[in-house]
Student: 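Here you go, one structure.
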Amino acid sequence: MSASAAPPNIFDRALVNRRLDRAWTRARPGDGADFLLARAAEELGDRLSLVKRRFALAADFGSPGPHGAIALAAGGQVDRLIRLAPTFASIGAGAFEAAVGDLERLPVAEGRFDLAVSLLALQTVNDLPGALIQMRRALKADGLMMAAILGGDTLTELRQSLTIAESEVLGGASPRVAPFVDVRALGSLAQRAGLALPVVDLDRATVRYANLLALLADLRAFGAANSLNARSRRPLRREVLARAAAVYAERFSDPDGRLRATFDIVWLSGWAPHLSQQKPLKPGSATTRLADALKTRR
């Protein structure tokens, strides 16, 4: 690949993994910091239960915890399951085979899996189109891909509050919250990846916190602190943090004083192409007029 075609280097991937390892090393049972991953894993089980099919070989690609793999094993639709974890500390335990690998360079052969899933991992890859293409290529014909990605308006309240605070206190702002893909863009990427019958939808979770520090603590505990390459290397100044907390409380608090934080989980599902799949009709091939179907006079 030429330098001009290389994807932008948005995230410090090594830092993402170090923070994830630190989060797992410090995790305590029941602390709830993995609530988003637990939510996505439960939703994965519900969505997959609607697909009336068994999968001989499935893969969990890059999820930052074993929650999705555990849900797949418990669902009873998978005969053999491989979890490709991003780091050793995040592998977890469950009824699956495990390895460590990189979502941007999947160490798998083409056409091997009947099902590929990924939960809350793709939002920190530098080459999202490339990662989706690799996951699709890892599927057998008529294999299913399901991915959950943090996107949309995720952490919009935090982004706005920090930007306003830094601009007021320092006269300028550095990037503190990563950019997130939106629903329409992900649909286009699914088609670009060669997925058939793609479906994209959004699951919004609004979480309430006592204060800004509680939200930041949750993000650190999940290994989701700022990992942008363009981030400031200087610690956040106290006066900036104090002003951000005030702005957050002014603009994004409920009547009881608790702060809202938005997390948009964007779901993508699609199939590796196969001749048996339904295909859209060609333009002009309809045999019935829309007006006739609607019983109008036009």
Side-chain angles (χ1 to χ4, degrees), residues 13-49 51 53-109 112-125 131 134-135 138-139 143-150 203 205 207 217-225 227 263 265 267-269:
R13 296 281 293 163
L15 179 61
V16 170
N17 288 340
R18 288 199 303 272
R19 286 179 169 165
L20 182 60
D21 269 348
R22 184 172 60 187
W24 273 100
T25 301
R26 297 179 178 181
R28 297 292 180 269
D31 63 7
D34 60 350
F35 68 94
L36 281 178
L37 196 53
R39 180 189 181 107
E42 182 179 1
E43 180 69 13
L44 172 66
D46 291 343
R47 288 171 181 254
L48 198 60
S49 69
V51 181
R53 179 181 297 193
R54 290 196 62 81
F55 301 94
L57 181 61
D60 170 19
F61 286 137
S63 302
H67 306 59
I70 292 171
L72 288 177
Q77 292 176 258
V78 173
D79 296 327
R80 182 186 174 200
L81 174 60
I82 296 174
R83 168 161 163 72
L84 187 72
T87 68
F88 283 103
S90 63
I91 288 176
F96 51 79
E97 302 168 46
V100 173
D102 187 349
L103 262 177
E104 294 189 320
R105 290 176 290 275
L106 289 181
V108 297
R112 185 179 180 194
F113 294 95
D114 303 282
L115 171 67
V117 306
S118 180
L119 301 184
L120 308 189
L122 288 162
Q123 68 273 357
T124 56
V125 299
Q134 289 183 70
M135 288 179 63
L139 291 171
L144 174 62
M145 180 199 296
M146 299 184 75
I149 309 173
L150 286 176
D203 172 29
V207 184
D218 251 10
L219 294 177
R220 286 193 297 270
F222 188 58
S227 59
F263 295 94
I265 301 176
W267 282 90
L268 163 65
S269 64

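Bear in mind that the values here come from a model prediction, so they are computed numbers and not experimental data. In what follows, every heavy atom counts, from backbone to side chain, and hydrogens, waters and symmetry copies are set aside.
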Student: Out of curiosity, R39 CZ to E43 CD, how far, rounded to the nearest 0.5 Å?
Tutor: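 So the CZ of R39 and the CD of E43 are separated by 8.0 Å.
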Student: When you compare the side chain of F96 with that of V78, does any pair of heavy atoms fall below 4.5 Å?
Tutor: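 No, side chains not in contact.
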Student: Which heavy-atom pair separates P86 from V100 by the least distance, and what is that distance?
Tutor: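 For P86 versus V100, the nearest heavy atoms are O-CG1, 3.6 Å.
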Student: Check whether any side-chain heavy atom of L122 sits under 4.5 Å from a side-chain heavy atom of L268, and report yes or no.
Tutor: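 With C-beta onward as the side chain, the pair stays apart.
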Student: Taking all non-hydrogen atoms of both residues, which atom of P64 and which atom of A121 are closest, and how far apart?
Tutor: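 Between these two residues, the closest heavy atoms are CD-CB, 4.3 Å.
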Student: If you look at every heavy atom in A41 and A71, which pair is closest and at what distance?
Tutor: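 Smallest interatomic distance, heavy atoms only, reads O-CB, 3.6 Å.
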Student: When rounded to the nearest 0.5 angstrom, what distance separates CG in L36 from CG in L219?
Tutor: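 Reported to 0.5 Å precision, the distance equals 9.0 Å.
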Student: For residues F55 and L144, determine if any side-chain heavy atom of one lies less than 4.5 Å from a side-chain heavy atom of the other.
Tutor: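 In contact.
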Student: What verdict does the side-chain contact (heavy atoms from CB on, under 4.5 Å) test give for T87 and W24, after you've listed the backbone C-alpha separation in whole Å, the side-chain angles of each residue and the deciding distance to 0.1 Å?
Tutor: CA-CA 10 Å; T87 68; W24 273 100; 5.5 Å; no
Student: For A33, is there any backbone N or O sitting under 3.5 Å from a side-chain donor or acceptor partner on D218?
Tutor: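 Judged by distance alone, no pair lies under 3.5 Å.
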Student: Should I82 and R80 count as side-chain neighbours, where that means a heavy-atom distance under 4.5 Å?
Tutor: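 Contact flag for I82/R80 side chains = yes.
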Student: Give the intermediate values and the outcome of side-chain contact (heavy atoms from CB on, under 4.5 Å) for residues R13 and V125.
Tutor: CA-CA 7 Å; R13 296 281 293 163; V125 299; 3.8 Å; yes
Student: Can you name the closest pair of heavy atoms from S63 and D60 and give their distance?
Tutor: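 Shortest heavy-atom contact: OG-OD1, 2.6 Å.
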Student: Is there a donor-acceptor contact under 3.5 Å from the side chain of R53 to the main chain of Q77?
Tutor: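 No, because the side chain of R53 does not come within donor-acceptor range (under 3.5 Å) of the backbone of Q77.
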Student: Is the shortest side-chain heavy-atom distance between W267 and L119 below 4.5 Å?
Tutor: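 Yes, at least one pair of side-chain atoms sits under 4.5 Å.
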Student: Set out, in order, the CA-CA distance, both residues' side-chain angles and the distance that settles side-chain contact (heavy atoms from CB on, under 4.5 Å) for L150 and I265, then state yes or no.
Tutor: CA-CA 5 Å; L150 286 176; I265 301 176; 4.2 Å; yes
Student: Can you give me the closest heavy-atom contact between M135 and L103, atom names plus distance?
Tutor: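 Heavy atoms only, the tightest pair is SD-CD2, 4.5 Å.
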Student: Near R26 CZ, under 6.0 Å, is it more than 12 heavy atoms from other residues, nucleotides or ligands?
Tutor: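 Open: at most 12 neighbouring heavy atoms sit under 6.0 Å from CZ of R26.
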Student: How far does OG1 of T124 sit from CG of N17, to the nearest 0.5 angstrom?
Tutor: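 Going from the OG1 atom of T124 to the CG atom of N17 covers 8.0 Å.
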Student: Return the CG to CG distance between L15 and L20, rounded to the nearest 0.5 Å.
Tutor: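 Answer rounded to 0.5 Å: 11.0 Å.
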Student: Under 3.5 Å, is there a donor-acceptor pair between the side chain of R54 and the main chain of G76?
Tutor: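 Side chain of R54 to backbone of G76, a donor-acceptor pair under 3.5 Å: yes, one is there.
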Student: So for atom CZ, which belongs to F35, do other residues, nucleotides or ligands contribute more than 12 heavy atoms lying within a distance under 6.0 Å?
Tutor: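 Enclosed: over 12 neighbouring heavy atoms sit under 6.0 Å from CZ of F35.
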Student: Compare every heavy atom of P107 with every heavy atom of D102, then report the nearest pair and how far apart it is.
Tutor: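 That would be O-CD, 4.5 Å.
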Student: Would you mind reporting whether R19 and S227 have side-chain heavy atoms less than 4.5 Å apart?
Tutor: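 With C-beta onward as the side chain, the pair touches.
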Student: Answer yes or no: does atom CD of E97 have more than 12 heavy-atom neighbours from other residues, nucleotides or ligands under 6.0 Å?
Tutor: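 Yes, enclosed.
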Student: Using side-chain contact (heavy atoms from CB on, under 4.5 Å), reason through F61 and L106 one step at a time and then give a plain yes or no.
Tutor: CA-CA 8 Å; F61 286 137; L106 289 181; 4.0 Å; yes
Student: Find the distance between CD (E104) and CD (Q134) and round it off to the nearest 0.5 Å.
Tutor: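 Answer rounded to 0.5 Å: 8.5 Å.
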